[in-house]
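The sequence lines fix the lettering, A, B, ..., with proteins before strands; numbering per chain opens at 1. Keep in mind that what you see is a predicted model, and the values were worked out from it rather than measured.
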There are 2 protein chains.
Amino acid sequence: MELASITKRQKEIIEAAGMILARSGIGGLTTKNLAKELNFTESALYRHFNSKEDIIVSMLDYLACTMDQHFSEIIDTEKPLDVQLMALFDAQFKLFNDNKYFVVVVLSDDLIQNSVAMTNAVKRIMSVKSSHLTTIVEQGQSQGVIIDTIPCDQIIHVIMGAFRLLIVKWRMDSFKFNIKEKGGEMMQALLTMIRLS
Amino acid sequence: MELASITKRQKEIIEAAGMILARSGIGGLTTKNLAKELNFTESALYRHFNSKEDIIVSMLDYLACTMDQHFSEIIDTEKPLDVQLMALFDAQFKLFNDNKYFVVVVLSDDLIQNSVAMTNAVKRIMSVKSSHLTTIVEQGQSQGVIIDTIPCDQIIHVIMGAFRLLIVKWRMDSFKFNIKEKGGEMMQALLTMIRLS
DNA sequence: AAAAAGTAAGTGAATATTCACTTACTAATA
DNA sequence: TATTAGTAAGTGAATATTCACTTACTTTTT
């Protein structure tokens, strides 16, 4: 997962786009709003990107890279399983808290339908998360710490589903509740469900 | 949850809107496309609804009613817990299979941001499902069939999260895989996680 | 002075909605 | 019973607005 070379201005645009997305959804993400958010004109956007789709796809790719980097730094296969798992989600919750707009993008159903490029970009983001999770869960199963009567991908599915739903609720609550706290509780519940001992 | 009085024509419009939503997302749901789908003109839509938002909100409410009815018929508190749970999800998967467009609506994050009326309608749909689930899980916990070391709403959260994610994957797969089959496997995994015995 | 980054003012296409008007059918009245 | 009035459901054309994007020109940076 290589980091695309992105200028300072491009990053600013990407971040503004993300903020708008988080605040008012894909319907709110217009070139006009984007320009206003950045305090310059619509036409100036086209000095830095060829099209609006380009902006979104760049944002998704940037996001995938950031997440991948973030996770890679966190995971330490030497540590006990549940510590790893908690660390992964702690990192994720923190990442989301610092960049709330990630949230919308990560689980936007609507981006999926817009174009092939976007569909693929969204899928890439989903797979980044699930591949890191797989590493942990498989390790846990072979170590006898996680139940192995349930196939690994089912476990991943359940974990990711719970995670996504929490994010949805968070957004519906206008990001008001403490995501790290609620996330922690949720992870405890999940661990209880999948732990062997 | 009372059934709103809806004319035959209104129901047709609602269903067409749902189909478009499932096929091409909220971006595709324009009055033009809707009229084309129904084989009459855009203006005719306004004989039956005051606005496009009205159409969508009516659709969401209709959906909530249908789901509620559907579930109420299914649940039989005399039967064993896992049978009830399986029946509930069987019913849901069947409902979704017969009306694929429900899917998009039920977990559309994008509808949420459009207006207060829509936000509330989406929330209503979510709560229909979770209230029926709560009945079952609480019963299971007091009977000692479901783990009670985890609070009921955490269990509900995990179940609903897994369910929603399955639906997302189904849609990303263009409704190709057999949802009842995959759903059954998923429910088995979930039951293993939350069962006490 | 050349290149990069900005602006003002447009473009055509698409949007939801409204307009005056027609058609087919039903209810009221003479 | 024949005519009149009323209505539900449709039409095509036009509305103002918004969309992503372009062109020609100016400012800023290097």
Side chains of B:Met19 and B:Glu15 in contact at under 4.5 Å (non-hydrogen atoms): no

side-chain contact (heavy atoms from CB on, under 4.5 Å) partners for A:Arg47, two or more places apart: none

Residue pair A:Leu165 / B:Met160, side-chain heavy-atom distance below 4.5 Å: yes

Sequence-distant partners of B:Glu185, side chain to side chain donor-acceptor pair (under 3.5 Å), two or more places apart: none

Minimum side-chain heavy-atom gap B:Ile56-B:Leu29 below 4.5 Å: yes

Ring-face cation contact, B:Phe89 with B:Lys180, 6.0 Å cut, 45° max: no

Can you tabulate the close N/O pairs, meaning under 3.5 Å, that link protein atoms to atoms of nucleotides 22-25 of chain C?
none

Integer-rounded Å distance: D:dA24 P and A:Tyr46 OH: 18 Å

Proximity of A:Phe175 and A:Phe96 rings by center, below 6.0 Å: no

Any pair counted as salt bridge (Lys or Arg N to Asp or Glu O under 4.0 Å), so long as it reaches residues 31-44 of chain B, sequence neighbours left out: B:Arg23-B:Glu37

Qualifying ring pair (Phe, Tyr, Trp, His ring centres under 6.0 Å) pairs, either residue in residues 115-139 of chain B, two or more places apart: B:Phe71-B:His132

Close residues, residues 47-56 of chain B, relative to DNA chain C [heavy-atom separation under 4.0 Å]: B:Arg47, B:Ser51, B:Lys52

Scan nucleotides 8-10 of chain C against the protein and return all N/O pairs shorter than 3.5 Å with their distances rounded to 0.1 Å.
unit_1 : atom_1 : unit_2  : atom_2 : d
C:dA8  : N6     : A:Ser43 : OG     : 3.0

cation_pi(A:Lys129, A:Phe163) dist<6.0 Å, angle<=45: yes

Atom pair distance, as rounded to whole Å: NZ in A:Lys8 and C1' in C:dA4: 17 Å

Partner residues of A:Lys52 under the side chain to side chain donor-acceptor pair (under 3.5 Å) criterion, sequence neighbours left out: none

Partners meeting side chain to side chain donor-acceptor pair (under 3.5 Å) with B:Lys79 (sequence neighbours left out): none

Contacts of B:Lys169 that satisfy side chain to side chain donor-acceptor pair (under 3.5 Å) - sequence neighbours left out: A:His157

Residues from residues 28-36 of chain B lying under 4.0 Å of DNA chain D - heavy atoms: none

Just the atom pairs and distances: protein N or O near nucleotides 26-30 of chain D's N or O, under 3.5 Å.
none

Note, B:Gln139 side chain near B:Ile146 side chain (heavy atom, < 4.5 Å): no

Touch class at under 4.0 angstrom, heavy-atom based, for A:Phe40 against every strand present: sugar-phosphate

